[in-house]
Amino acid sequence: MRTYLVTGGAGFIGSNYIHYMFRKYGDDIRIINVDSLTYAGNLENLKEIAGRSNYTFIRADITDKEAIKKIFSENEIDRVVHFAAESHVDRSIKNPEVFVKTNVLGTAVMLNCAREAWELPDGSYKEDKKFLHVSTDEVYGSLADDGSYFYETTPYAPHSPYSASKASSDLLVKAYIDTYHFPANITNCSNNYGPYQFPEKLIPLIINNALLGKKLPVYGDGKNVRDWLYVDDHAKGIDMVQEMGRLGETYNIGGHNEKQNIEIISIILDTLLEMLPEDDARRAHISRDLITYVEDRKGHDRRYAIAPDKIKAEIGWEPETMFKDGIKKTIAWYFEHEDWMKNVTSGDYQNYYEEMYHGK
Ligand code: NAD
Ligand code: TYD
């Protein structure tokens, strides 16, 4: 039975990936989820699978070399899928150091421990061992509104401390591939949305605020463009790259779904009104009047857009979920999980929100 070591599996994409993998492989795989449970990590995301005999959760920090080494020495790990990271651009602007620590040093520790566990004395590797580093399209910088795309060959030009730290971690993985022939792949994906996303990111923040009748903060002119991908499509792409990709290669994963932030907000408002029952009191306050233009994000990237040509040609992956369907599924999930939202927005989130938006 193949054993996966998933880092950051209690976060948004990691938990969706773990659910996807158990739906796909059932009892044919074992997953060990290593997560330090920062503000973004939530074991509630995994409560349906927590009791599985082929699932183990270990609370550990990926920068803790000894803890990670111990996991590799006590388990025969076949696959590493490395999600754990600090992931929010706004937080990276306020507090960059933890991004360097987790994203760069943490990736170095993961690479080093995997190499130690897998490398043979002649410099080759134990059979069928693979490391997948989950990264972002933000490493490529910002595009103009001119129909151009990010390709795997696009030079790195990160602007935020978040994207700079992810770019650094990607370069470390590339260095391991070139120097040690380390069996790894990198995926650079566009913006994800879906269940379990923490409401500091645009889509869940807008859904939550609209339902509460709170203002909807729009940075700058609201015309920045992101290329949104439903999270299950990303999970599927990661699995396909790991199983079918050429080792050492990078694959871009994207939704072919470019939208301006202001368009996203309009679609969310319309979809909420379409989905809420006629007698739901919240309908009264859901309107475009909630949209509030606020100060722009520092160094705000204008546009991201992925050309997922390579992954389609080599592996056959394509985005499957249309945005209009994905956003309905996402909103339906938030309707059904009001307690989840209440729990994650209590406590520290209130302080974050106050500091970020000054009560707007
Ligand atoms: P997230 O912030 O929701 O989750 C991150 C998880 O990592 C959390 O569970 C957190 O507790 C854990 N973690 C953080 N620091 C850790 C540490 N030092 N040790 C162990 N665990 C730690 O992030 P996400 O949105 O799920 O993103 C996951 C990965 O995907 C990240 O590497 C991110 O760069 C990448 N990515 C995200 C997106 C997106 O749209 N969210 C798009 C492309 C790529
Ligand atoms: P975000 O979800 O933080 O993802 P990223 O910055 O990694 O792309 O933001 C998506 C876009 O939405 C980005 O252009 C910033 C913008 N945004 C707002 O306009 N208002 C908000 O409150 C947030 C959180 C984001």
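Bear in mind the structure is a predicted one, so any value in this text is a computation, not a measurement. Counting starts at 1 for both ligands and their atoms, following the listed order.
Interatomic distance, OH of Tyr4 versus CD1 of Ile31, reported as 7.5 Å (0.5 Å rounding).
At the top of the distance list for atom 20 (N) of ligand 2, counting protein heavy atoms only, stands Pro217 O, 2.9 Å. Protein heavy atom nearest atom 6 (O) of ligand 2, with residue, atom name and distance: Arg297 NH1, 2.5 Å. When hydrogens are left out, the protein atom nearest atom 7 (O) of ligand 2 is Glu138 OE2, 2.6 Å; that is the closest non-hydrogen contact. Among protein heavy atoms, the minimum distance from atom 19 (O) of ligand 2 is reached at Tyr219 N, 2.9 Å. In this structure, atom 41 (N) of ligand 1 lies nearest to the protein heavy atom Ile13 CD1, 3.6 Å. When hydrogens are left out, the protein atom nearest atom 16 (C) of ligand 2 is Asn261 ND2, 3.4 Å; that is the closest non-hydrogen contact. Of the protein's non-hydrogen atoms, Phe12 N, 3.0 Å is the one closest to atom 3 (O) of ligand 1. Given atom 19 (N) of ligand 1, the protein heavy atom at minimum distance is Ile62 N, 3.0 Å.
Defined by atom type and a distance below 3.5 Å, a donor-acceptor pair is present between the side-chain atoms of Trp340 and Asn45. Side-chain polar atoms of Asn103 and Ser169 form no donor-acceptor pair below 3.5 angstrom. The closest side-chain donor-acceptor pair between Asn252 and Tyr140 falls under 3.5 angstrom. Residues Ser165 and Ser168 bring no donor and acceptor atom of their side chains to less than 3.5 Å of each other. With hydrogens and angles left out, the side-chain atoms of Thr187 and His133 include no donor and acceptor closer than 3.5 Å.
Taking only non-hydrogen atoms, the option from Val109, Thr38, Asp61 nearest to atom 10 (C) of ligand 1 is Thr38. Of the listed options Ser36, Gly8, Gly11, Ser36 places a heavy atom closest to atom 16 (C) of ligand 1. Residue Ser87 holds the heavy atom nearest to atom 23 (O) of ligand 1 of all those in Ala67, Gly194, Ser87, Ala85. For atom 9 (O) of ligand 1, the choice among Thr63, Asp35, Val98, Thr187 with the nearest heavy atom turns out to be Asp35. Considering only non-hydrogen atoms, atom 35 (C) of ligand 1 lies nearest to Val134 out of Thr7, Asn16, Val134, Leu202.
A salt bridge does not link Arg59 with Asp35: none of the charged nitrogens is closer than 4.0 Å to a carboxylate oxygen. Between Glu274 and Lys328, at least one side-chain nitrogen of the basic residue sits less than 4.0 Å from a carboxylate oxygen of the acidic one, meeting the salt-bridge criterion. A salt bridge links Lys24 to Asp239: one of the charged nitrogens lies within less than 4.0 Å of a carboxylate oxygen. A salt bridge links Arg288 with Asp270: the distance from a Lys NZ or Arg NE/NH1/NH2 to an Asp or Glu carboxylate oxygen falls below 4.0 Å. No salt bridge links Lys166 with Glu138; every basic N to acidic carboxylate O contact stays at or beyond 4.0 Å. Ion pairing between Glu355 and Arg91 fails under the 4.0 Å rule for side-chain N and carboxylate O. Here Lys70 pairs with Glu74 in a salt bridge; the nearest charged N to carboxylate O distance falls below 4.0 Å. Salt bridge Lys259/Asp227: absent, no basic N to carboxylate O contact under 4.0 Å. Under a 4.0 Å N-O distance rule, the pair Glu318/Lys312 qualifies as a salt bridge. Classification of Asp221 and Arg302 as a salt-bridged pair holds, one side-chain N sitting under 4.0 Å from a carboxylate O. A salt bridge is absent between Glu263 and Arg226: the closest approach of a Lys/Arg side-chain nitrogen to an acidic carboxylate oxygen does not fall below 4.0 angstrom.
Applying the 6.0 Å contact sphere to NZ of Lys69 captures no more than 12 heavy atoms from other residues, nucleotides or ligands. The neighbour count for Glu48 CD, taken as heavy atoms of other residues, nucleotides or ligands under 6.0 Å away, is above 12.
Heavy-atom separations between Met356 and ligand 2 are all 4.0 Å or longer. The closest approach between a heavy atom of Ser190 and any atom of ligand 1 is below 4.0 Å. Not a single heavy atom of Gly9 lies less than 4.0 angstrom from ligand 1. No heavy atom of Phe198 sits closer than 4.0 Å to any atom of ligand 1. The shortest separation from a heavy atom of Tyr39 to ligand 1 is not under 4.0 Å, leaving the residue out of contact.
Of all the atoms in ligand 2, the ones that sit under 4.0 Å from a non-hydrogen atom of Glu200 are 24 (C). Of all atoms in ligand 1, numbered sequentially from 1 with element shown, those under 4.0 Å from a heavy atom of Asn191 are 40 (O). Remark: ligand 2 atoms within the under-4.0 Å shell around heavy atoms of His300 are 13 (C), 14 (O), 15 (C). Which parts of ligand 1 touch Leu37 is read off a 4.0 Å heavy-atom cut-off, strictly below it: atoms 11 (O). Of all atoms in ligand 1, listed by their number and element, those nearer than 4.0 Å to a heavy atom of Phe83 are 28 (C), 29 (C), 31 (C), 32 (O). Those atoms of ligand 1 that come under 4.0 Å of a heavy atom in Ala60, given as number and element, are 19 (N), 20 (C). The contact set between ligand 1 and Lys166, taken as ligand atoms under 4.0 Å from a residue heavy atom, comprises 31 (C), 32 (O), 33 (C), 34 (O). In summary, the atoms of ligand 1 found under 4.0 Å from a heavy atom of Ser135, numbered by their order in the structure, are 43 (C), 44 (C). Atoms of ligand 1 found under 4.0 Å from any heavy atom of Tyr162 (numbered from 1 in listed order, with element): 33 (C), 34 (O). The Val218 neighbourhood of ligand 2 comprises atoms 19 (O), with distances under 4.0 Å to a heavy atom of that residue.
Residue Val89 has no nitrogen or oxygen atom sitting less than 3.5 Å from a nitrogen or oxygen atom of ligand 2, judged on distance alone. Between Arg226 and ligand 2, at least one N/O pair is under 3.5 Å apart. Considering backbone and side-chain N/O of Lys201, none are found under 3.5 Å from N/O of ligand 2. Ligand 1 has no N or O atom lying under 3.5 Å from any N or O atom of Cys189, backbone or side chain. Polar contact check, Tyr357 against ligand 2: a nitrogen or oxygen pair lies under 3.5 Å apart. Polar contact with ligand 2: absent for Asn224 (N/O pair, distance under 3.5 Å). Between Val34 and ligand 1, no N or O atom pair is found at a separation short of 3.5 Å. Distances between N or O atoms of Trp228 and those of ligand 2 include no value under 3.5 Å. For ligand 1, none of its N or O atoms has an N or O atom of Gln197 under 3.5 Å away. The distance criterion of under 3.5 Å between nitrogen or oxygen atoms is met by Leu202 with respect to ligand 2.
Under 4.0 Å from ligand 1, the heavy atoms of Thr102 that appear belong solely to its side chain. Only the side chain of Asn191 comes within 4.0 Å of ligand 2, counting heavy atoms alone; its backbone N, CA, C and O stay farther away.
Between Trp333 and His337, the angle of the ring planes stays under 30°, which puts this pair in the parallel group of the 30/60° scheme. Between Phe182 and Tyr176, the ring planes are perpendicular. Angles over 60° get that label, and only those under 30° would be called parallel.
Under the rule for a salt bridge (Lys or Arg N to Asp or Glu O under 4.0 Å), the partners of Glu119 that lie at least two apart in sequence or sit in another chain are Arg115.
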